[in-house]
2 protein chains.
Amino acid sequence: MKTPATPAPSRREANRQSRREAILDVAAESFLEHGYAGTTMSAIAATLGGSKGTLWSYFESKDVLFGAVIERVTEAFRAQLSLILNPADGIEAALRRFCAEFLRKVTSAEAIALHRLVVGEANRFPEVGEIFYARAPQRTQRLLADFLETAMERGELRRDDALVAARQLTALVMYGGHQQMLMGLIDTLTPEAIQAEVDRAMATFLRAYAAEASS
Amino acid sequence: MKTPATPAPSRREANRQSRREAILDVAAESFLEHGYAGTTMSAIAATLGGSKGTLWSYFESKDVLFGAVIERVTEAFRAQLSLILNPADGIEAALRRFCAEFLRKVTSAEAIALHRLVVGEANRFPEVGEIFYARAPQRTQRLLADFLETAMERGELRRDDALVAARQLTALVMYGGHQQMLMGLIDTLTPEAIQAEVDRAMATFLRAYAAEASS
DNA sequence: TAAAAACCGTACTCTATAGTACGAAGATAT
DNA sequence: ATATCTTCGTACTATAGAGTACGGTTTTTA
């Protein structure tokens, strides 16, 4: 059997690919930790062990590398956010689990660093905000909205705009500890704090979106 | 009569003071527009018309100048946020006005620029986040919480933790357009959009915190 | 009006960093 | 085995920007 026609993974291509990944790994770490200005191409090359010429043969400039890193990290973040929303649990339990998991991920050191980077560089790199928004907040909201939509149709929640409801629930969950982490007031959320935040958010949300009592 | 003992506003002092203000004005504009890394001391000196030596005689380093700018701009922001919460209007109207005004201010170009700066530099300048948080979100929350507290005591809202309620209301108001502005997806909120955001937030909030129906 | 302080302009030092050049060494394909 | 592509190391260019030095000029004080 010969090699399959479509992907011709010659040795060179493969090497090139994994090399590229390695560069992105190192670059991502540096950008996330030190920001755009605080990251130097020389340092990246040094950490890689390779030479600068090689680095430039993969990415023609720091800007381009930065863009690639953001795209990749955001993608990784999205992938990691495959949150559970199991209707079989019952609506309240499902939402509660979802919120806790969501808050945990969104307040991880990596996620906070990414968020800071996106917001901080939104001026210089407008596309960065768009990429991030489309992949993170927007997807989460849509996922959640679909779930809420179903619940509304079943009469388990009051009928209303599901997307708005989804946004509001994420807002309620994020606006406490997440906000403070973003600004550097605290640098971790204990599991208890997460629980507490979720409880508060859920209480308010459920009260506002409880199914109408009368028929 | 000699010069008064306590304030000796000699000509020199006065000049020095106003000069300092002028520097901070120029520096603030630059930091807000171009960020920390994007701002150069030379450019500030050039815009001022003065010489670099003079600039350094007022602020011993770029870091120090940045700190002073943040302190000042945050203070200005806080002062501008003397929001109206007039209980005589009735609770719903009062809150509605408050939220609209709040959202308008928080989505102004200046406020967004400041917010980005604070979040983006929270790593390098930890004190910046603290200053900002204490003066902006925290104060607003406390102001609002006091109002809600009173309303709760009067039985106009369901009895609950007023500070949490305040945080939740601001969260509901801010998480839509403000979020998108921060990330550069849009760069203004029309008055209509503000109205719509406030309406949605208020509807949810009032449902969740309506006074208990039964006695 | 004379001494003191602040300011100006300009030129300078020093360091950091993006990006380039290039020849030698290594890996890959045919 | 040999031509080709890739990488390595290292040295280099070019630029930018923080901070300093200093002599001459203006402003303030007394």
Side-chain angles (χ1 to χ4, degrees), chain A residues 2-5 7-31 33-70 121 124-125, chain B residues 1-5 7-31 33-69 121 124-125:
Chain A
K2 292 287 186 69
T3 54
S10 67
R11 191 94 175 223
R12 278 208 172 119
E13 271 311 304
N15 283 350
R16 197 159 179 82
Q17 211 60 22
S18 68
R19 186 75 164 169
R20 193 186 148 93
E21 296 295 306
I23 293 174
L24 287 173
D25 278 346
V26 171
E29 202 181 319
S30 182
F31 279 125
E33 184 165 350
H34 306 114
Y36 179 81
T39 292
T40 80
M41 295 295 271
S42 304
I44 291 174
T47 309
L48 275 168
S51 102
K52 294 221 269 174
T54 307
L55 178 51
W56 260 270
S57 87
Y58 281 86
F59 299 95
E60 62 188 348
S61 74
K62 187 180 177 182
D63 284 19
V64 169
L65 176 56
F66 181 68
V69 163
I70 290 290
E121 306 294 340
R124 215 183 325 222
F125 301 95
Chain B
M1 217 187 276
K2 289 286 186 71
T3 53
S10 65
R11 189 96 176 219
R12 276 204 174 124
E13 271 312 303
N15 283 350
R16 197 158 179 84
Q17 211 58 25
S18 69
R19 186 74 162 165
R20 193 185 148 93
E21 296 296 306
I23 294 176
L24 287 172
D25 278 347
V26 171
E29 201 180 320
S30 181
F31 279 124
E33 183 164 351
H34 305 113
Y36 180 81
T39 293
T40 80
M41 294 295 269
S42 303
I44 291 174
T47 309
L48 276 167
S51 102
K52 294 224 267 173
T54 306
L55 179 50
W56 260 268
S57 86
Y58 280 87
F59 298 94
E60 62 188 350
S61 74
K62 187 181 177 181
D63 284 19
V64 169
L65 176 56
F66 181 67
V69 164
E121 306 294 341
R124 215 184 323 224
F125 300 95

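Atom set for the values below is all heavy atoms of this structure, side chains included, hydrogens, waters and symmetry mates excluded. Naming convention: chains lettered A, B, ... in sequence-line order (proteins, then strands); numbering from 1 in each chain.
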Take the protein atom NZ of B/Lys62 and the nucleotide atom P of C/dA16, then report the distance between them rounded to whole Å. 15 Å
Separation of atom CD in A/Glu13 from atom P in C/dA29, rounded to whole Å: 10 Å
Anything below 3.5 Å on both distances counts as a pair; with that, list the stems of at least three consecutive Watson-Crick or G-U pairs involving DNA chain C. C:1-30 with D:1-30
note: A/Trp56, atom CH2; D/dC8, atom P; distance rounded to Å ~ 14 Å
Residues at least two apart in sequence or cross-chain that pass side chain to side chain donor-acceptor pair (under 3.5 Å) with B/Lys52, listed by chain then number, are B/Ser42
Send over the distance from A/Arg11 CZ to C/dT30 P, rounded to a whole Å. 13 Å
Take the protein atom CZ of A/Phe66 and the nucleotide atom C1' of C/dA18, then report the distance between them rounded to whole Å. 16 Å
Round to a whole Å and report the spacing from CG of A/Leu65 to P of C/dG19. 10 Å
Nucleic acid contacts of residues 36-47 of chain A, taken as heavy-atom distances under 4.0 Å to DNA chain D: none
Separation of B/His34 atom NE2 from D/dG17 atom P, in whole Å? 12 Å
To the nearest 0.5 Å, atom OH of A/Tyr36 lies from atom CD1 of A/Ile70 at 11.0 Å
Between the protein and nucleotides 3-7 of chain D, which nitrogen or oxygen pairs are less than 3.5 angstrom apart?
residue: D/dT4; atom: O2; partner: A/Arg12; partner atom: NH2; Å: 3.3
residue: D/dT7; atom: OP1; partner: A/Tyr58; partner atom: OH; Å: 2.4

From CZ of A/Phe59 across to C1' of C/dA18 the rounded distance in Å is 16 Å
Restricting to nitrogen or oxygen on both sides, can you table the protein-nucleotides 11-14 of chain C pairs closer than 3.5 Å?
none

Base, sugar-phosphate or nothing for A/Gly49? Non-hydrogen atoms, less than 4.0 Å. sugar-phosphate
Looking at B/Phe59, does the NZ or CZ of B/Arg20 lie under 6.0 angstrom from its six-membered ring centre and within 45 degrees of the ring axis? no
So, A/Thr39 side chain and A/Ser30 main chain: donor-acceptor pair closer than 3.5 Å or not? yes
Please say whether more than 12 non-hydrogen atoms of neighbouring residues, nucleotides or ligands are located less than 6.0 Å from CD in B/Glu21. yes
With sequence neighbours left out, the residues meeting side chain to side chain donor-acceptor pair (under 3.5 Å) with A/Asp25 are A/Arg72
